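Data first, discussion second: the structure below is written as structure tokens.
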Amino acid sequence: SSTGDEGAQAGSGGDGAITVGYSQLGAESGWRTANTESVKQNLTADKGFKLTFVDAQQKQENQIKALRDFVAQDVDVIAFSPVVETGWDDVLQEIKDAGIPVVLVDRTVDTKVSDPFVTHIGSDFKAEGTKAGDWVKQNAPDAKIFELQGTLGSGAQVDREEGFDAVVGSQVIGKASGNFTRAEGRTATEAALQAYPDMTMIFTHNDDMGLGAVEAIEAAGKKPGTDIQIVSVDAVRDGLQALVDKKFNYVVECNPAFGDQLAELIKKVHAGEDVPKETVVEETTFDQTITQAQVDARPY
Ligand code: GZL
């Protein structure tokens, strides 16, 4: 738990290190892998941390168990990226009662617990949806769009859909979730190609599902990026390669590499210093003018 100066050593991993319990939601996508890398590269012993990192395989019950274990271990700070927005009230109250500060990472929570976390760092998912919608409005105003949604009930899915649909919702002819994975993106697209034969575009909530959609579109004898355009979010290297290969048409970046900013936030939270309620990470967009050299230079 957070300590005063007299307790600086107690409960802080003994050697003055800040003990951090980190509940990562899974390893479902290239984005998540890069995010985990960034967290592990920055919450290191030589930077003053003692990190307990637990992967939940996209199961909320696994996250709740990990969070309860962190309370039992009386870590100094808890950081977590919630797989979905709701269902956290009990465990967030237990963490609050234990006096352990929470740093919310990436995805968001919807809870009735008052003041459940000290600070959040992540993307503005609604802005990402809006950017995708704006491109479609400009470049494909007659597109008939199938929306390939992320994990239903996750902040990323809810807000990307809200942002996108606010701009071009009238062009959306169908929706289904691919749970942010390549395999489920492929099966959802196979079904959508049957259900919506007049679709001309897919808006996918992440690159991994979009790459699964490419496989389904090609298996159906159609050309991704031409017969069926693809607008995606994340901008991991495989997604940007699809852009160079003209299989994707537009990619909105979602930046996973904020481990350094997270480390600074956790240090301030542990020290009881003021931190902003929200840190929105920087991110841009990419279209087919991207070069192979730019893709090769991407760190993840
Ligand atoms: C967004 C993150 C999403 C990514 C997906 O910040 O939560 O989850 O867009 C990942 O690739 O699965």
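Indexing begins at 1, ligand by ligand and atom by atom, following the structure's order. Everything quoted here is computed from the prediction, not taken from an experiment.
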Presence of salt bridge, Asp115 and Lys277, under 4.0 angstrom: yes

Ion pair Asp76/Lys50, N-O distance below 4.0 Å: no

Should Trp88 and Pro116 count as side-chain neighbours, where that means a heavy-atom distance under 4.5 Å? no

Please produce the table of protein N or O atoms sitting under 3.5 Å from N or O atoms belonging to ligand 1, one pair a line, distance to 0.1 Å.
from	atom 1	to	atom 2	distance (Å)
ligand 1	6 (O)	Asp106	OD1	2.4
ligand 1	7 (O)	Arg32	NH2	3.0
ligand 1	7 (O)	Asp106	OD1	3.0
ligand 1	7 (O)	Asp106	OD2	2.8
ligand 1	7 (O)	Arg107	NE	2.8
ligand 1	8 (O)	Arg32	NH2	3.0
ligand 1	8 (O)	Arg107	NH2	2.7
ligand 1	9 (O)	Arg160	NH1	2.8
ligand 1	9 (O)	Arg160	NH2	3.2
ligand 1	9 (O)	Asp234	OD1	2.7
ligand 1	9 (O)	Asp234	OD2	3.4
ligand 1	11 (O)	Ser29	OG	2.9
ligand 1	11 (O)	Asn206	ND2	2.9
ligand 1	11 (O)	Asp234	OD2	2.6
ligand 1	12 (O)	Glu28	OE2	2.5
ligand 1	12 (O)	Ser29	OG	3.1
ligand 1	12 (O)	Arg107	NH2	3.4

Any carboxylate oxygen within less than 4.0 angstrom of a Lys/Arg side-chain nitrogen, looking at Arg186 and Glu190? yes

Ionic contact status for Glu283 with Lys131, cut-off 4.0 Å: no

Result for side chain to side chain contact (heavy atoms under 4.5 Å, CB included) between Ile228 and one of Thr200, Ile217, Ile145, Val214 points to Ile217

